[in-house]
Structure formats: C-alpha cells, structure tokens
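Report on the following structure.
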Protein chains: 2
Amino acid sequence: MSEPKSRRRRQPQKLSERQKKILQYIERTYTETGYPPTIREIGKAVDIDSTSVVNYNLNKLEESGYIQREKKVSRGLRLLKTLNSEPFTELGVKLADDTINVVNVPMVGKIVASAPVPVPGDDFGMYYDDDDVIHLPVNLLGSRVKDGEVYALRVNGESMIDALVNHNDIVVLQRQETANNGDMVAVWLDENSETTLKYFYREGAKVRLQPANTMMEPIYVDARQVHIQGRVLAVLRQI
Amino acid sequence: MSEPKSRRRRQPQKLSERQKKILQYIERTYTETGYPPTIREIGKAVDIDSTSVVNYNLNKLEESGYIQREKKVSRGLRLLKTLNSEPFTELGVKLADDTINVVNVPMVGKIVASAPVPVPGDDFGMYYDDDDVIHLPVNLLGSRVKDGEVYALRVNGESMIDALVNHNDIVVLQRQETANNGDMVAVWLDENSETTLKYFYREGAKVRLQPANTMMEPIYVDARQVHIQGRVLAVLRQI
DNA sequence: CTTGACATCGAACACAAGTTCGTAATATAA
DNA sequence: TTATATTACGAACTTGTGTTCGATGTCAAG
C-alpha cells in the first residue's frame, strides 16, 4: 500500500539462515522425490511450526528470485537457482546436480540352495520386465562390472546364512565361470547338490570354499565338482 | 491354482492409448511446470471425467514401470521412463541417462559395538564432501525415507554378525528415536554398553530384541535402558 | 518510551487432491 | 449363452495443503 521511500525493487538481498536451509531442503527433496515439498514438509524439516512462517519465507525467496511459486497449487514451486551454483537450468527441470551413472540390473529370479543359479540366457540384453530392474549407482558395484553381464537374484530361504546373506536379500552377480582367489562366488556343488555363496580359493587340485562368517569352517572340495555360477558383486538388504 | 503354464510375469502389457496420452501429458507438464500434475489435471487433459479412472490408469502405468507413485501425496508421482526413450533396451548394464531420483546419503562415520551410533548434527541438510556420499536410488530405500534424515555408517568389526552384518558393510539409517514393532533398529544398551542391530518389539515394559539371524535367541531388556539410535533402512555389502 | 518495519507464531479456514465404492459397460474365455 | 476379468464411470468421503489473520516478539530509529 504505502511506499514510504524508494524501496529497492526485488533485490537478491541476503538470505537468512532459515531461507538458506529452506532452499537447500527444497533442492534436496526435489532431486530425491521428483516433486517439490509442501509448506508443512518444509516446516518440519527446517524446524518451523507455523505454516505461515514458511509461507512468509517462501515469498521472500521468490522475491529474491530463487524460486517461483504458483498460487493455490499444492507443491507449486520451482527452483530457479541454488545457493552457490547459479546453474539450475531455466525452468527448474533438471534434476541431479551431478550425473550419476546408473547400472540397470535385471532381477532374473531367485537363488535357492537346492538349485543351480538361474542365469539369464542369450536374450540377456533383451527384454526383462521393467519392474524387475534395480537401478544401482556404478560406484556401488565398483569398476568390476565387466560386460554388462550383471544380474540380480533374490535369495530364497535361510540357507545362505553362513555367507551372512538372509532370506530376501538381493545378490548382484556377474556372470562368469572362473574365479580368482578371494572372489566371492556362487557355486554349485555336485556332491551336495546345492548352490552356495563362498569365498573362492584354489589350492592345488582342491578348492577351499570359505564362508563369509568367520565363525564357520571352510570346506574343501575337489576342483572338478565345483561349478562357478557367477561372481558376487554386492549384497543388498532392504529392511 | 488354475494357471497351467502361463508363467509370464505380471505385465509385459502394451499401453493403451489412454495410458500413452497420460504419460505424454505428465512428461509435458512436468518439464513445463517443474512438478507433476494432479489426477484431475490429467483427467481434464486426457478427457476423462472420473478421477478414479485416471487413478486406475496411473496404477497401470506404475505396474508397467513407467511411473512411480507416492500414496496420499498430492502430485506424488515421478516419471521413470518415457514412451520413445526406452532407457533399458540395451545390455543389462547400460549407463542410463534417464533421470532416476537419487537420494544422497552422507557417510557420517563408523558403527562399532562399543560406542553409540554417530548421528549427523543439525547441519544435516547442509554440505557434505562428495566423496563421502552414497548415491542411492530412492526405490532402493522405498518411500520410507522420511525427512531426508538418512545417513550411512560403515560397520567396523564383526560384532554385528548376529544381524547378518559383516565388517565393512554399509548400514543405511534413518535418524529417529522411536520405533514400531518389527523395525530393525540400531540401539544402545546401557547394561551392556554397546550398540547393536536388532529387530524391535515392544512387550509391555520390556523390549524384545530379535537378531536377524533366526538361529540366535532374542534378548529381553528393560525398555528404559534401550536407546534407539536410528532405524535401519538397508544394508549394503560390496564384495 | 513510543513507533513501526520485520519476523514469528498458532489456529481457523477453504479449497485442492487422493481414495473408496457401488455400478455399469466392454471385452475375453468357456 | 454364461461366466469372469478388465476398464470405465461418478459420486461421496477423507486428508492434504495453501491462505488468512490477529497476536506476539524484536530491534533499531525517533
């Protein structure tokens, strides 16, 4: 209403601590969830009880040109720029600030003690159901990912417990038939007619299979009856 | 029961015209506005009067792996892939450049039996060194990520073996001081002066702490001497 | 001590937006 | 046909979420 003096137009003014935290929170949740947070979500994150205070500060942020708001629209805000880095592309569209290389690992079945490991066939690169794909950052698998012959299995049963692997865990495997000492592998043992996960050590004509659980004793088997099904790259457990 | 041979997984399914239009509309508005549309907005755009029909088709799209939805959240959906850009076509390991929503989880320290869990301070959402951050796809943590108060710890020592957690494993935690029955939590026990990972069950004035390893017996402790340090969301092991 | 701009708070309010459910139309199979 | 699953409809219903507003607190200028 009343403009006493020549008030500075929308100026980038210095942001308060609160506003900075809000901005960061928006940025983080946006990249994580794919959509902006609500006023109340922001409030909870930044420790503000009153929605109106959040609203107030959001308006400040808009005046300073950091965000843009859509009236009456739930989650109706977009990031225009972030704190230090200007580069939030034009219409708030771009996500991850750093491009993360993601590996798409198909879930091809279950691993049980009583059967050999299911291995994807030649149709590997072909189709697999999209809901059965795990997206994993490459760095989680290390650079040991070879030729795209990586797949995942859901563990069924409690039989892998000596590998510290639980029922329902996910084992990420690299398809291969040989192994180096120290590799963790999925092997099929003729003698016991079972699949098991063990650390692999070649010792002459024998193979020492060492459980991950150091409490447990290794087993020694004839190298000829050890059939390597794949090398274990990672184990995931969602609680 | 009455499925003789159709072992086809749930839904390879081609999308209906409607679903394609919906998908395109989501993509368009998302890039335009920076946030996803509501059910009613979609309905109006695709000429569907009933919100439940839109809802129905959104669920179909989720089943087919095109989108991901967050229950009860306005605009709570994110695009996983679009119509023409079939991200997952090639080899199993294909660097996906499609946008996957990634949670940046800071590695804040080590978890050992002999000390309480390190918890990040109030500067949580702030900056952390890039090399100490794990990038995890949201869907790996489920949507149980609450407030972004998620952090990771590297396990030190073999003391968590009854939780089937090994030395050097990574435990992803959500900061919280309470738990529901069945949650896996990191707790500090006064009596033993140690941190341990267990499934949590409240039983009157006592708490039953159940090891993940079903071979092992639960322990019962007075509720007052149980201090929950966080809820375990996932365990990762790189071999 | 007042004054007033600025930031904060809490609570009530109104509408936005997801969910549910009974029903009907349309397919597909037996 | 008759049965069964899929898709569609619309109208409540519940909850999510932005908005408004009066009251309070702070702090520096008058």
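Convention: sequence-line order gives letters A, B, ...; per-chain numbering from 1.
Within 6.0 Å of CD in Gln225(B) there are more than 12 heavy atoms belonging to other residues, nucleotides or ligands.
For the pair Asp49(B) CG and dA24(C) C1', the interatomic distance rounds to 15 Å; values are reported in whole Å. Atom-to-atom, CD1 of Ile48(A) to C1' of dG25(D) comes out at 16 Å; the value is rounded to the nearest Å. What separates CD of Glu70(B) from C1' of dT17(D) is a distance of 16 Å, to the nearest Å. Taking atom CZ on Arg69(B) and atom C1' on dG18(C), their separation rounds to 8 Å, with Å as the unit. Asn59(B) places its CG atom 13 Å from the P atom of dA8(D), with the value rounded to the nearest Å. Between Asn57(B) atom CG and dA8(D) atom C1' the separation is 9 Å, expressed in whole Å. Rounded to an integer number of Å, the gap from CG of Leu77(A) to P of dT19(D) is 10 Å. Taking atom CD1 of residue Ile39(A) and atom P of nucleotide dT20(D), one finds them 11 Å apart after rounding to whole Å.
Contact annotation: Ser74(A) side-chain N/O to dA17(C) OP1/OP2 distance is under 4.0 Å. Contact annotation: Asn55(A) does not reach the phosphate of dT17(D) (side-chain N/O to OP1 or OP2, under 4.0 Å). For dA8(D), the OP1/OP2 oxygens have no side-chain nitrogen or oxygen of Tyr56(B) closer than 4.0 Å. The side chain of Arg40(A) places no N or O atom within less than 4.0 Å of a non-bridging phosphate oxygen (OP1 or OP2) of dA11(C). When the side-chain nitrogen and oxygen atoms of Lys60(B) are compared with OP1 and OP2 of dT7(D), one or more of them lie within a distance under 4.0 Å. The shortest distance between the side-chain N/O atoms of Arg75(A) and the OP1/OP2 oxygens of dG18(C) is not below 4.0 Å.
Ser52(B) comes within 4.0 angstrom of a nucleotide base, judged by non-hydrogen atoms across all strands. Residue contacts shown for Thr51(B) include a base, since a base heavy atom lies under 4.0 Å away.
A salt bridge does not link Lys44(B) with Glu41(B): every distance from a Lys NZ or Arg NE/NH1/NH2 to an Asp or Glu carboxylate oxygen is 4.0 Å or more.
The closest side-chain donor-acceptor pair between Ser74(A) and Arg75(B) falls under 3.5 angstrom. Residues Asn156(A) and His167(A) have side chains that never bring a donor and an acceptor to within less than 3.5 angstrom of each other.
Map Lys72(B) and Val53(B) each onto its nearest nucleotide of DNA chain D; the residue landing nearer the 5' end is Val53(B).
If you check dT19(D), dG10(C), dC9(D) against the side chain of Ser50(A), the one that comes closest is dG10(C).
Between Gln68(B) and Glu62(B), the closest side-chain pair of non-hydrogen atoms falls below 4.5 Å.
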